[in-house]
Amino acid sequence: MKALDIIHDEHRALGAVLQALGFVLDGIRDGRFEPDFALLAAIIEYITQVPDKLHHPKEDDYLFVKMRERLPGIAPLLDQLEADHAEGARWTAALRGALVPYQGIGPAAFAGFEATARTYLEASRRHLSREETELLPAARKGLAPEDWAEIDAAFEANKNPWSGPTGEFRALFSRIVTMVPAPYGVGAGATEA
Ligand SMILES: [Fe+2]
Ligand SMILES: [Fe+2]
């Protein structure tokens with residue numbers, strides 16, 4: 001599989017989990033779902049681990065390095081995207097921190113958790129969209145076949161599929177899907193409120 005397809009696939013999987021988080025937040029806010037803390041913790045684990053351990057290192061270490069070398073004009077965009085990567089890690093830490101009082105105190109602490117989660121969601125969606133609409137087209141257009149051969153080889157050597165080195169992220173993704181209430185997921189978390 002080629003580097004561009006791998007990045008795109010990982011964006012799709014991550015985007016699906018972000019969508020799920022938005023759906024769950026809407027449901028809790030509107031009183032349609034009871035909060036499922038195991039589900040929220042699983043989503044937060046996914047959006048913490050997958051970008052930091054699997055996705056961003058490949059972008060930073062292979063694609064961005066080659067783009068900086070070949071396409072100097074793209075540096076401001078790469079600077080911004082790298083800053084987003086660092087910021088993303090801070091936001092997921094904040095999200096883990098905000099889940100603790102929500103789980104301990106209950107509904108009175110939902111607003112604080114929701115505000116942190118919505119800010120994270122908005123920043124992540126903006127990041128994914130910039131990569132899909134600006135970064136990847138610029139890479140496609142500006143890098144030569146020999147550059148792609150190098151990047152593809154580095155991705156191949158990295159051997160880190162979107163499922164994770166031992167399939168753990170696929171398992172986590174499946175667990176999330178089984179817990180998200182229908183009709184978005186297949187879980188049975190909806191209340192009759
Ligand atoms: Fe990125
Ligand atoms: Fe990305």
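Whatever order the structure lists ligands and atoms in, that order sets their numbers, starting from 1. Because only heavy atoms are used, hydrogens play no part in the values below, and waters and symmetry mates are left out as well, while side chains stay in.
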request  = Test H85 against F64 for ring pair (Phe, Tyr, Trp, His ring centres under 6.0 Å), laying out the working first.
outcome  = CA-CA 12 Å; H85 291 171; F64 290 11; 5.8 Å; yes
query = Quick one: are R70 and D147 in side-chain contact, heavy atoms under 4.5 Å?
reply = yes
Distance-only donor-acceptor pairs under 3.5 Å for side chains of residues 92-101, two or more places apart:
unit_1	atom_1	unit_2	atom_2	d
T92	OG1	G88	O	3.2
T92	OG1	A89	O	3.0
R96	NH1	T48	OG1	3.2

request  = Fit a plane to each ring of F113 and Y102, take the angle between them on a 0 to 90° scale, and name the class: parallel (under 30°), tilted (30 to 60°) or perpendicular (over 60°).
outcome  = parallel
query = Within a reach of under 6.0 Å around CD of E122, are more than 12 heavy atoms found that belong to other residues, nucleotides or ligands?
reply = no
task = Under 2.8 Å from the Fe ion (ligand 2), which protein N, O or S atoms are there? Could you list them by chain and number?
result = H11 NE2, H55 NE2, E59 OE2, E131 OE1
task = Determine, stepwise, if the pair I7 / H11 fulfils side chain to side chain contact (heavy atoms under 4.5 Å, CB included).
result = CA-CA 6 Å; I7 290 183; H11 283 174; 3.6 Å; yes
